[in-house]
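First comes the structure, then the notes that go with it.
Every chain is numbered from 1, with letters handed out A, B, ... down the list of sequences. Note that these values count all heavy atoms, side chains included, but never hydrogens, waters or copies made by symmetry.
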Amino acid sequence: MKDYKRYLITAALPYANGPVHIGHLAGVYVPADIYVRYLRLKGIDVIFVCGSDEHGVPITIKARQEGVNPKEIVDRYHEMNKKAFADFGISFNIYSRTSNKTHHETASGFFKTLYDKGIFLEKTTKQYFDTEAGQFLADRYITGICPICGNASAYGDQCESCGTSLNATDLKDPKSTLSGSTPELRDTLHWFLPLDKYEDFFKNWILKENKHWKVNVYGQCKSWLNAGLQPRAVSRDLEWGIPVPVEGADGKVLYVWFDAPIGYISATKELTKDWEKYWKDPETRLIHFIGKDNIVFHCIIFPAMLKAEGSYILPENVPANEFLNLEGDKISTSRNWAVWLHEYLEEFPGKEDVLRYVLCANAPETKDNDYTWKDFQTRNNNELVAILGNFVNRSFVLTQKYYNGLIPEPGKLLNSDKKTLAEIAVIKQSVENSLDNFRIRESLKYAMDLARLGNKYLADTEPWAIQKTDPERVKTIIYISLQITANLSALIEPFLPNTAGKLREYLNIERINWTDIGSDEILKPGHHIKKPGLLFDKIEDAAIEAQLEKLNSTKKMNEGSETNAPQQKDLISYDEFMKNDIRIGTILEAEKVPKTKKLMKLKIDTGIDQRTVVSGIAEYFEAEEIIGKQVSILVNLEPRNIKGIESQGMILMAEDTDGSLKFIMPGDKVSNGSVIS
RNA sequence: GGCGAGGUAGCUCAGCUGGUUAGAGCGCGUGAUUCAUAAUCACGAGGUCGAGGGUUCAAGUCCCUCUCUCGCUACCA
């Protein structure tokens, strides 16, 4: 690899509409922090930037739900996450935010540069405008009648009743949710980044020059490049965000995906006057730590922006991780299925390193992984306490007992002693090699090998057995054990910084340079170590059960459907309801529509006729098992062509909380064509 | 359906350009040991490497088909 002069490390900007959880930590912040701490210990010039991503529609929606200003939302979560990260020990050089002045100026300037260079395409489209509120409406802010299923409160981007994704202009009788008025269609101008023009560049840069990227990252990029890149709108009509810095662009802001990654640049700017050195000098190695949901932005879109601007370097690597599950289920902010960092810090005070350790040991580097509290306990008790903590404790206790805390003078080293000491450098080399290749999980395992080495050394030499007969030999043994603990304090520093600090305190020494790892004379004979405490405590079953209980109650809350059931829709009149002609029919034939995942072609006896209906149920039913069943069917829905088949009606389904579908059927058999009212 | 990633011991994962009896950590069993938060150390049991074909003197490793998981994408009337 090229010899870089300095490193710029970014960690994905957490979205400021919720707290940080273990999934974020395991995928992004813990690996990034370990890597950065490692670089720092090696004396490398590195800065580590992050911050809150505070723009975008979801934040405005959350604000509206709570009846507050978006600013209140982002302030709340920015402060909360900033503090949680700091308390947890993620060592950002700066944790900034995209709502601040520097960022607004930077993002705005970045846009302006591209604009002046004539990079953007301009396109005019028609969008709804709320004349009362005086603004264009995001799709989410429009409700109306779904053209597909007739649901009266479909959103402009999606009908939650039938699940169809929509354009706001598809809705019948659209209403603004801001003012309740009927919006009017107006022309609106937007700017697009012509990603398609960079396709050749990316095919070369990623597929040829970046073969060293992780397979999951490389493969995902290949998938996108093969599908072809499309121009992407960089602006949108919204109040919350960074105004488009162009004449006549009132009410338009930069699309959040455009401004967010620029947040890395603004954060660097805030941090140092020398920011350009980190962003524009090819001797800087730029690395983005992200989760897999962010791959396309960091591997294609943001580099395209940087490339278009012209003066920036591109990322040298993007070590994206997969996702972490929790006790077998996907982590979900909305379902409160998560271990929140701020809560963990309160519930397990002083155990920051335990979580770091478990998340790193379980980091989803190659595929999604599962976090369980049982595993958390096991790793703490059987690895941190039993292997690492125990070795250190054994060494200390022996030192206190035999020498009153003074480092003894070693005698002549035996071959086995020399071999043990030489092993330290080998382990260090393994740790480095893994870290250099972003195999963080593996590197942690190697680091633990040093503690294993220590335990084995003590077991092999048995100082307690020969103290009476050969006290001189014991001095050497303890001396070497203590040198191992000292080396350990440096080697575990990137992974377990608090523990490393504690260990140094017990040893009564200053921080050791990474390059000194492997030395057998870190602690000088006669040096006093302090009366030690324990590095780790056992975690009892009760603490784990409490966490499981907490998750269990979350699960119950989620199942107690009130919390999850969608809100009641707007009132309708009896007449309106009676427009629906819903009947009971019998499924005569069923077959899966080829080349689709969900579609099933059904022939239904409606009592009036026999007709064909295409329905999105194939994921939950086999064709054979549903033939002969009675179902409810909306018969007067206007026909629609789906995959070349005319669908004449809609089968009514109930969607359970887990997303599975169930038929709405009569309690007892009735004649086909029976009317439902 | 298309594309991408993954499916290797009970669990979490290594196995590079195909080559001796498929590895590690944790868990499990047996033994040793007591300095240590019943911790440690040694040894051992456990895998038809998702399934089935094929190429090859030789395949976990290459090719084809199928299957399951995750993601992107199409589709959901």
At under 4.0 Å, does any side-chain N or O of [X] touch on OP1 or OP2 of [N]?
X: A:Lys456; N: B:A42; result: yes
X: A:Asn369; N: B:C13; result: yes
X: A:Thr366; N: B:C70; result: no
X: A:Lys367; N: B:C13; result: yes
X: A:Lys445; N: B:U12; result: no
X: A:Asn216; N: B:G4; result: no

Spacing of the [atom1] atoms in [M] and [N] (rounded, Å):
N: B:U12; M: B:U17; atom1: P; result: 25 Å
N: B:A24; M: B:A9; atom1: P; result: 14 Å
N: B:G60; M: B:A51; atom1: C1'; result: 14 Å
N: B:C11; M: B:G27; atom1: P; result: 15 Å
N: B:G2; M: B:A59; atom1: P; result: 30 Å

For the pair [X] and [Y], name the ring-plane relationship: parallel under 30°, tilted 30 to 60°, perpendicular over 60°.
X: A:His21; Y: A:His24; value: parallel
X: A:Phe376; Y: A:Tyr371; value: tilted
X: A:Tyr35; Y: A:Phe289; value: tilted

Practice problem: Under 4.0 Å between any heavy atoms, over every strand shown, what does A:Glu383 touch: base, sugar-phosphate, or nothing? Just pick one. | Solution: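 If one applies the 4.0 Å heavy-atom cut-off, A:Glu383 turns out to touch the sugar-phosphate alone, with no base involved.
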Quiz item: Base, sugar-phosphate alone, or nothing: which one does A:Ala227 contact when heavy atoms must sit under 4.0 Å apart?
Solution: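 Nothing: the residue A:Ala227, judged by heavy atoms under 4.0 Å, touches no strand.
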When you measure from the side chain of [X], which nucleotide among [options] comes out closest?
X: A:Arg452; options: B:C72, B:C41, B:C3; answer: B:C41
X: A:Lys401; options: B:U40, B:C72, B:C35; answer: B:C35
X: A:Arg441; options: B:A39, B:A5, B:C13; answer: B:C13
X: A:Asn362; options: B:U40, B:U12, B:G6; answer: B:U12

Quiz item: Mind checking who B:G71 pairs with, Watson-Crick or G-U wobble, both distances under 3.5 Å?
Solution: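 Pairing partner, where one exists within any strand: B:C3.
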Quiz item: For B:U30, what is the paired nucleotide under Watson-Crick or G-U wobble rules, both distances under 3.5 Å?
Solution: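 Pair assignment: B:U30 / B:A42.
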Quiz item: For the pair made of CD in A:Gln220 and P in B:G2, what is the distance, rounded to whole Å?
Solution: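 Nearest whole value for this atom pair: 17 Å.
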Practice problem: Validate the cation-pi geometry between A:Lys330 and A:Phe323: distance from NZ or CZ to the six-membered ring centre under 6.0 Å, angle to the ring axis within 45°. | Solution: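 No; the conditions do not both hold, so A:Lys330 does not lie above the ring face of A:Phe323.
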